[in-house]
Amino acid sequence: MAGLATPMALRVAVTLGLPDRLLGHGATPDRLAAELEVSSVALEVLLEHLTTLEVVERSSTGYRTTAFGAHLCADADGGFTNILLSLDSAAGRAELAFVELAHSIRTGRAGYPRRYGKDFWTDLADHPRLRASFDQQMILRFQEQIPRIVAGFDWSRFTTIVDVGGGRGALLAAILTAHPLMRGHLVDLAATATDARHTFVAHHLDDRTEVTEGSFFDALPAGADAYLLSDILHDWDDEHAHRILARCAEAAHPASRVLVLEPVGDRRAITDMDLSMLVIYGGRERRIDEFRALAADHGLILDAVTDVTDQRCLLEFRLNDR
Ligand SMILES: C[S@@+](CC[C@H](N)C(=O)[O-])C[C@H]1O[C@@H](n2cnc3c(N)ncnc32)[C@H](O)[C@@H]1O
């Protein structure tokens, strides 16, 4: 009956900053409620539940954060926990789309627009703070993966690479740093592309990189050796995934490769993330045969599959002879 109580209690605790506020001696519910401008009666109900979870404990001065609860503080895990849990961040807000899971299962469509009145990407565009938290989440979720992705695939075969929807450019910067003769071009939406420029300057890569503020539903930079789609296609339903692949195939030269880096279904994907892709984006973690079929419509042939990390596969497509 109360299955959602605990995850929501943790999210609300983080959103209100309770773990930070209650470090040390802690505070009484009345004082804390006055500071936070919330109901003291309701806050105590929340604190009592957090006590059963051992996130806080009762003290002579009210409630205080436990050593376990300190894992929920704003700077814990480099801020990643906070970004995932806070209802003010893109991730926390997006996960509430799960209340529309029944709609998603019935229709095969995202729950996010039903809950918020617009799709995820429009919502980010309308709220710069959500956009920034999402881009930061993308950086933090990839920190440990990137060195393995760079080492786990032979990027040296390419002289030019377009990172399609490349985010703030962390992966492309790492690839180019490891391969000094390679040039890169990143395409992403305006706010994110601006941040990518800063990333490349910080890595002294501005003379080997270009950044285009634009949409991957429009024409992509032509003639690159490789077009990289890192965690892109799983954000989209088949209709949109087709459009992205079409733009890659149109921009490619005959020997180009299209590289799809994703947690491929039944190889690297996990089922709860698969459900998340559905409720948030209307996308999914496709299986290899689904990618093969999707790409075939654009003259793309699956050449190789590499398990680059414990979480990601890299599917390499070439163009058939046209
Ligand atoms: C899941 S993130 C992946 C980012 C990056 N490729 C990575 O792996 O870290 C998806 C990216 O697609 C970008 N994106 C979404 N819609 C886009 C569009 N229409 N055109 C270009 N980029 C878009 C987002 O801004 C975001 O950076």
Side-chain angles (χ1 to χ4, degrees), residues 80 83-84 89-91 94 110 112-113 118-128 130-150 152-153 161-176 184-200 210-221 226-237 239-248 251 258-264 268-269 273-274 276-278 280-286 308-309 311-315:
F80 197 28
I83 269 190
L84 292 178
S89 73
Y112 196 99
K118 51 189 143 178
D119 69 69
F120 179 78
W121 302 109
T122 305
D123 207 16
L124 293 203
D126 290 346
H127 297 97
L130 289 181
R131 173 86 244 179
S133 80
F134 178 76
D135 289 343
Q136 183 62 8
Q137 179 195 343
M138 290 302 100
I139 296 284
L140 294 171
R141 69 98 164 71
F142 240 22
Q143 264 176 338
E144 288 178 3
Q145 292 281 304
I146 284 178
R148 288 183 264 163
I149 293 168
V150 173
F153 184 73
I161 181 166
V162 176
D163 193 351
V164 181
R168 287 183 175 170
L171 176 57
L172 185 57
I175 294 169
L176 295 183
H185 193 147
L186 183 144
V187 179
D188 209 299
L189 301 172
T192 307
T194 301
D195 289 341
R197 273 196 200 94
H198 298 316
T199 302
F200 297 139
E210 275 181 76
V211 174
T212 295
E213 294 177 13
S215 171
F216 45 48
F217 297 116
D218 298 329
L220 292 170
Y227 290 82
L228 173 63
L229 295 165
S230 166
D231 281 1
I232 298 298
L233 295 180
H234 70 170
D235 294 344
W236 298 95
D237 60 20
E239 182 209 327
H240 288 86
H242 273 299
R243 286 168 58 191
I244 297 166
L245 285 170
R247 298 295 87 79
C248 291
V258 174
L259 308 173
V260 175
L261 180 67
E262 288 207 350
V264 170
R268 287 290 181 268
M273 284 306 290
D274 206 354
S276 297
M277 292 300 126
L278 173 66
I280 299 169
Y281 307 107
R284 69 180 184 283
E285 308 287 27
R286 294 179 178 84
V308 275
T309 74
Q311 296 177 13
R312 297 287 183 292
C313 297
L314 196 149
L315 278 61

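Just so you know, ligand 1 is whichever comes first in the structure, and atom 1 is the first atom listed for that ligand.
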*Would you sort out whether Arg312 and Asp231 count as a side chain to side chain contact (heavy atoms under 4.5 Å, CB included), showing the intermediate values?*
CA-CA 9 Å; Arg312 297 287 183 292; Asp231 281 1; 2.7 Å; yes
_N/O separation below 3.5 Å, Asp231 to ligand 1_ = no
*Is a side-chain donor-acceptor pair under 3.5 Å present for His240 with Asp237?*
yes
*Considering only heavy atoms of Trp236, which atoms of ligand 1 have at least one such atom less than 4.0 Å away?*
16 (N)
*Among Arg148, Glu144, Gln145, find the residue that satisfies the side chain to side chain donor-acceptor pair (under 3.5 Å) test when tested with Thr309.*
Gln145
*With Leu314, which of Val308, Val264, Val260 fulfils side-chain contact (heavy atoms from CB on, under 4.5 Å)?*
Val308
*May I ask you to list the atoms of ligand 1 that are less than 4.0 angstrom from any heavy atom of Asp235?*
1 (C), 10 (C)
_Atom indices of ligand 1, in the order listed, that fall short of 4.0 Å to a heavy atom of Ser230_ = 3 (C), 5 (C), 6 (N), 7 (C), 8 (O)
*Matching residue for Cys248 among Leu259, Val162, Leu229 - test: side-chain contact (heavy atoms from CB on, under 4.5 Å)*: Leu229
*Nearest-neighbour protein heavy atom for atom 22 (N) of ligand 1, which is reported as residue plus atom name and distance*: Phe216 CE2, 3.2 Å
*Does Arg168 have a heavy atom less than 4.0 Å from any atom of ligand 1?*
no
*Relative to the heavy atoms of Ser215, which atoms of ligand 1 are at a distance of less than 4.0 Å?*
18 (C), 19 (N), 20 (N), 21 (C)
*Do any nitrogen or oxygen atoms of Phe134 lie less than 3.5 angstrom from nitrogen or oxygen atoms of ligand 1?*
no
*Where the closest heavy atom to atom 27 (O) of ligand 1 is concerned, which of Thr192, Asp188, Asp163 has it?*
Asp188
*Residue and atom name of the nearest protein heavy atom (relative to atom 2 (S) of ligand 1), distance in Å to one decimal*: Met138 SD, 3.7 Å
*Counting heavy atoms only, which of Gly283, Gly167, Ala125, Gly165 is nearest atom 6 (N) of ligand 1?*
Gly165
*asked:* Taking distance alone, with N or O pairs closer than 3.5 Å, would you say Trp121 contacts ligand 1?
replied: no
_Tell me whether His234 has any N or O atom under 3.5 angstrom from an N or O of ligand 1._
no
*asked:* Are Arg168 and Gln136 packed together at the side-chain level, in the sense that at least one heavy-atom pair is separated by less than 4.5 angstrom?
replied: yes
*List every atom of ligand 1 that sits less than 4.0 Å from any heavy atom of Arg131, numbering the atoms from 1 in the order shown and giving each element.*
24 (C), 25 (O), 26 (C), 27 (O)
*Looking only at distance, does Asp135 have an N or O less than 3.5 Å from an N or O of ligand 1?*
no
_Distance-only polar pair, side chains of Thr122 and Asp119, donor-acceptor under 3.5 Å_ = yes
*Report the nearest protein non-hydrogen atom to atom 7 (C) of ligand 1: residue, atom name, distance rounded to 0.1 Å.*
Arg141 NH2, 3.4 Å
*Report yes or no: is the cationic atom of Arg243 (NZ for Lys, CZ for Arg) under 6.0 Å from the centre of the six-membered ring of Phe217, at an angle within 45° of the ring normal?*
yes
*Subset of ligand 1 atoms that lie under 4.0 Å from at least one heavy atom of Ile232*: 10 (C), 11 (C), 12 (O)
_Only heavy atoms of Phe217, strictly under 4.0 Å: list the atoms of ligand 1 that pass._
19 (N)
*Audit row: Leu172, Thr199, side chain to side chain contact (heavy atoms under 4.5 Å, CB included) steps and yes/no*: CA-CA 10 Å; Leu172 185 57; Thr199 302; over 6 Å; no
*Plane angle bin for Phe120 and Tyr112 - parallel if under 30°, tilted between 30 and 60°, otherwise perpendicular*: perpendicular
*Member of Asp126, Leu189, Asp195, Asp123 meeting the side-chain contact (heavy atoms from CB on, under 4.5 Å) criterion with Arg131*: Leu189
*Which of the numbered atoms in ligand 1 are below 4.0 angstrom from a heavy atom of Gly214?*
20 (N), 21 (C)
*asked:* Looking at every heavy atom in both Tyr281 and Ala110, which two are closest together, and how far apart are they?
replied: C-CB, 3.6 Å
